[in-house]
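Working notes, beginning with the structure itself.
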Amino acid sequence: MKPKLIIILGPTAVGKTNYSIELAQKFASPIISCDSRQLYKEMIVGTAPPSIEQLALVPHYFIQSHTVKEYYTAGRYEIEALELMDKLFKKHDNLIMVGGAGLYIDAVCKGLDDFPDADQKVRQILTERLEKDGLESLRMELKKIDPQSYETIDIYNKQRVIRALEVTIATGKKFSSYKRNKNKERFFDIEKLGIIRERNDLYNRINLRVDRMMEAGLVEEVRSLVNYRNMPALNTVGYKEIFDYLDGKISLEEAVSLIKRNTRRYAKRQMTYWGRDEEIAWMTL
RNA sequence: AGGGACAUAGUUCAAGGGUAGAAUAGCGGUCUCCAAAACCGUUGAUGGGAGUUCGAAUCUCUCUGUCCCUG
């Protein structure tokens with residue numbers, strides 16, 4: 001019989017942490033976090049990870065385990081998470097995974113194709129070209145060197161265009177040639193449990209959580225990270241807005257309401273992402 | 001109580017006799033490695049009533065509401 005991975009997912013602030021700890025205790029399983037921001041050890045106040053008390057109740061993985069100083073991607077998460085599960089499943093029949101990062105969850109469940117790691121230098125050059133010559137210029141180059149990708153990706157999305165270009169340029173093989181459009185085989189079964197709340201309820205929880213983050217010293221945490229503000233990790237709701245405040249672009253009050261708004265939008269995008277995933281069993285809290 | 005000003009989308013503000021627009025919020029969607037990212041799309045309003053006019057958000061009257069001044 002295959003071991004089973006139970007994934008608890010849901011929008012931000014819905015209450016995944018509490019629920020997962022209960023469930024993990026029931027299954028005597030550790031918790032594998034699947035959250036693209038809680039895995040940074042420098043980002044604590046603004047990412048609402050499990051508390052110290054909660055972490056003491058159940059062993060957690062991928063919580064404050066990485067640094068904002070290094071680039072991290074969904075691809076690396078897939079590799080690291082699979083390695084970890086390989087080990088943990090030797091002792092556990094069931095493992096609990098919790099998180100809100102849709103792409104990271106998909107990476108674990110279906111697997112990403114084996115693109116080479118992003119070449120930061122190539123990305124840097126492309127990003128500068130984007131600023132200088134505009135997106136259209138990058139689009140035209142993609143059309144030339146990988147027309148297949150030009151046809152299939154969102155060519156108005158600069159991140160995607162750069163991604164396709166950087167892989168093609170860095171490896172000499174077309175970005176589209178890496179795609180296999182096939183899910184990877186996994187050695188474990190997967191059960192997805194989605195948690196949802198009524199929208200007003202969720203929005204109230206989001207607003208409350210942001211107020212608590214401010215009380216807990218979000219501004220200080222963000223101030224301590226100014227040197228890394230250009231790293232992708234810091235391109236995060238709650239951090240961007242405070243950077244703007246520290247720059248004097250907006251008032252603290254504006255920053256707070258922007259954080260609330262952007263968190264609401266994030267929650268909505270999460271729901272959209274999972275909207276068509278028929279494997280998820282939904283549960284309203 | 002008297003005098004004055006104002007009333008347009010959830011909010012802030014345009015249009016001053018001729019197709020009611022914008023920003024923002026809200027809502028919906030996309031997604032194979034920066035994903036708390038990066039994109040795309042969209043609903044919605046002239047406070048109520050009467051009048052002038054071919055035609056009223058716009059002019060007149062009235063009611064209602066809000067604000068200011070005076071007592």
Side-chain angles (χ1 to χ4, degrees), chain A residues 9-14 16 33-40 43 45-49 66 68 70-81 99-120 122-124 126-127 130 135 138-139 149 152-164 166-167 170-171 175-184 199-200 203 206 209-210 213 218 222 228-242 254 257-277:
Chain A
L9 55 84
T12 189
V14 79
K16 296 186 291 293
S33 171
C34 188
D35 189 300
S36 66
R37 297 295 127 117
Q38 289 179 3
L39 55 76
Y40 294 113
M43 298 167 71
V45 175
T47 62
H66 293 68
V68 297
E70 286 168 17
Y71 289 90
Y72 198 78
T73 63
R76 270 183 65 187
Y77 180 79
E78 177 187 351
I79 293 166
E80 292 176 12
L103 183 64
Y104 283 38
I105 293 172
D106 281 350
V108 167
C109 296
K110 304 188 227 164
L112 300 170
D113 288 330
D114 296 320
F115 296 106
D117 278 342
D119 184 321
Q120 292 306 327
V122 176
R123 178 175 292 181
Q124 183 71 32
L126 289 171
T127 306
L130 172 69
L135 182 57
L138 296 182
R139 259 201 298 255
S149 290
T152 47
I153 68 168
D154 178 358
I155 52 168
Y156 295 100
N157 186 327
K158 46 189 184 280
Q159 262 182 22
R160 301 260 163 77
V161 173
I162 285 180
R163 176 67 184 150
E166 80 185 5
V167 170
T171 68
F175 177 74
S176 52
S177 71
Y178 289 93
K179 290 198 182 181
R180 298 172 315 166
N181 293 314
K182 221 171 70 185
N183 293 348
K184 287 182 186 162
R199 185 158 295 187
N200 278 341
Y203 282 8
I206 286 171
R209 177 194 266 184
V210 174
M213 284 176 180
L218 182 61
V222 176
Y228 306 106
R229 63 185 296 176
N230 292 323
M231 295 301 283
L234 274 304
N235 186 191
T236 298
V237 173
Y239 293 76
K240 301 184 271 199
E241 297 85 351
I242 299 294
E254 284 170 314
S257 60
L258 281 174
I259 292 171
K260 289 176 180 172
R261 185 199 69 184
N262 291 337
T263 306
R264 289 195 291 272
R265 289 180 170 176
Y266 170 51
K268 237 158 42 110
R269 270 179 276 123
Q270 286 176 300
M271 293 310 301
T272 303
Y273 192 88
W274 292 310
R276 290 181 314 174
D277 188 338

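Here the structure is a predicted model, which is why all the values come from computation and not from measurement. Below, chain A is the first sequence line, B the second, and so on; all start at residue 1.
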So which nucleotide from [options] ends up closest to the side chain of [X]?
X: A:Tyr104; options: B:A35, B:G28, B:A37; result: B:A35
X: A:Arg199; options: B:C34, B:C27, B:A37; result: B:C27
X: A:Arg123; options: B:C34, B:A35, B:U30; result: B:C34

To the nearest Å, give me how far apart [atom1] ([X]) and [atom2] ([N]) are.
X: A:Ile105; N: B:C31; atom1: CD1; atom2: P; result: 17 Å
X: A:Glu254; N: B:U12; atom1: CD; atom2: P; result: 16 Å
X: A:Arg163; N: B:U32; atom1: CZ; atom2: C1'; result: 9 Å
X: A:Leu135; N: B:C40; atom1: CG; atom2: P; result: 10 Å
X: A:Leu9; N: B:A35; atom1: CG; atom2: C1'; result: 15 Å
X: A:Arg160; N: B:A37; atom1: CZ; atom2: P; result: 13 Å
X: A:Arg269; N: B:G26; atom1: CZ; atom2: P; result: 11 Å
X: A:Asn200; N: B:C27; atom1: CG; atom2: C1'; result: 13 Å

Between [N] and [M], how far apart are the two [atom1] atoms, rounded to whole Å?
N: B:G44; M: B:C27; atom1: C1'; answer: 10 Å
N: B:G41; M: B:U52; atom1: P; answer: 47 Å
N: B:G26; M: B:G10; atom1: C1'; answer: 8 Å
N: B:G65; M: B:G47; atom1: P; answer: 16 Å
N: B:A20; M: B:G16; atom1: C1'; answer: 13 Å
N: B:U58; M: B:G48; atom1: P; answer: 11 Å

Give one of base, sugar-phosphate or nothing for [X], where a contact means two heavy atoms less than 4.0 Å apart.
X: A:Tyr273; value: base
X: A:Tyr203; value: sugar-phosphate
X: A:Thr47; value: base
X: A:Arg264; value: sugar-phosphate
X: A:Asp113; value: base
X: A:Lys240; value: sugar-phosphate
X: A:Gly46; value: base
X: A:Arg265; value: sugar-phosphate
X: A:Asn262; value: nothing

Quiz item: With a cut-off of 6.0 Å (strictly less than), are more than 12 heavy atoms of other residues, nucleotides or ligands near OH of A:Tyr228?
Solution: no

Quiz item: Heavy atoms, side chains only, cut-off 4.5 Å: are A:Leu9 and A:Ile105 in contact?
Solution: yes

Quiz item: Tell me, do A:Tyr156 and A:Arg139 make a side-chain contact under 4.5 Å, heavy atoms counted?
Solution: yes

Quiz item: How close do A:Val167 and A:Phe115 get, heavy atom to heavy atom, and via which atoms?
Solution: CG1-CD2, 4.3 Å

Quiz item: Is it the case that A:Thr263 and A:Arg209 place a side-chain donor and acceptor less than 3.5 Å from each other?
Solution: no

Quiz item: Does a side-chain N or O from A:Lys110 land closer than 4.0 Å to OP1 or OP2 of B:U32, or not?
Solution: no

Quiz item: Can you tell me if the side-chain N/O atoms of A:Thr272 get under 4.0 Å from OP1 or OP2 in B:G29?
Solution: yes

Quiz prompt | No-H, no-angle donor-acceptor pair, A:Arg76 side chain to B:C33 base, under 3.5 Å | solution = no

Quiz item: Given pairs defined as Watson-Crick or G-U wobble with both distances under 3.5 Å, what dot-bracket annotation applies to RNA chain B, with ( ) intrastrand, [ ] crossing, | other strand and . unpaired?
Solution: (((((((..((((....[..)))).(((((.......)))))....(((((..]....)))))))))))).

Quiz prompt | Flag, side chain of A:Lys260 to backbone of A:Val210, donor-acceptor distance under 3.5 Å | solution = no

Exercise. Could you check A:Tyr266 against A:Glu78 and say which one's nearest nucleotide on RNA chain B is further toward the 5' end?
Key: A:Glu78

Self-check item: Partners passing side-chain contact (heavy atoms from CB on, under 4.5 Å) against A:Arg269 (at least two apart in sequence or in another chain)
Solution: A:Arg265, A:Tyr266

Quiz item: Parallel, tilted or perpendicular for A:Tyr72 and A:Tyr104, by the 30°/60° rule?
Solution: tilted

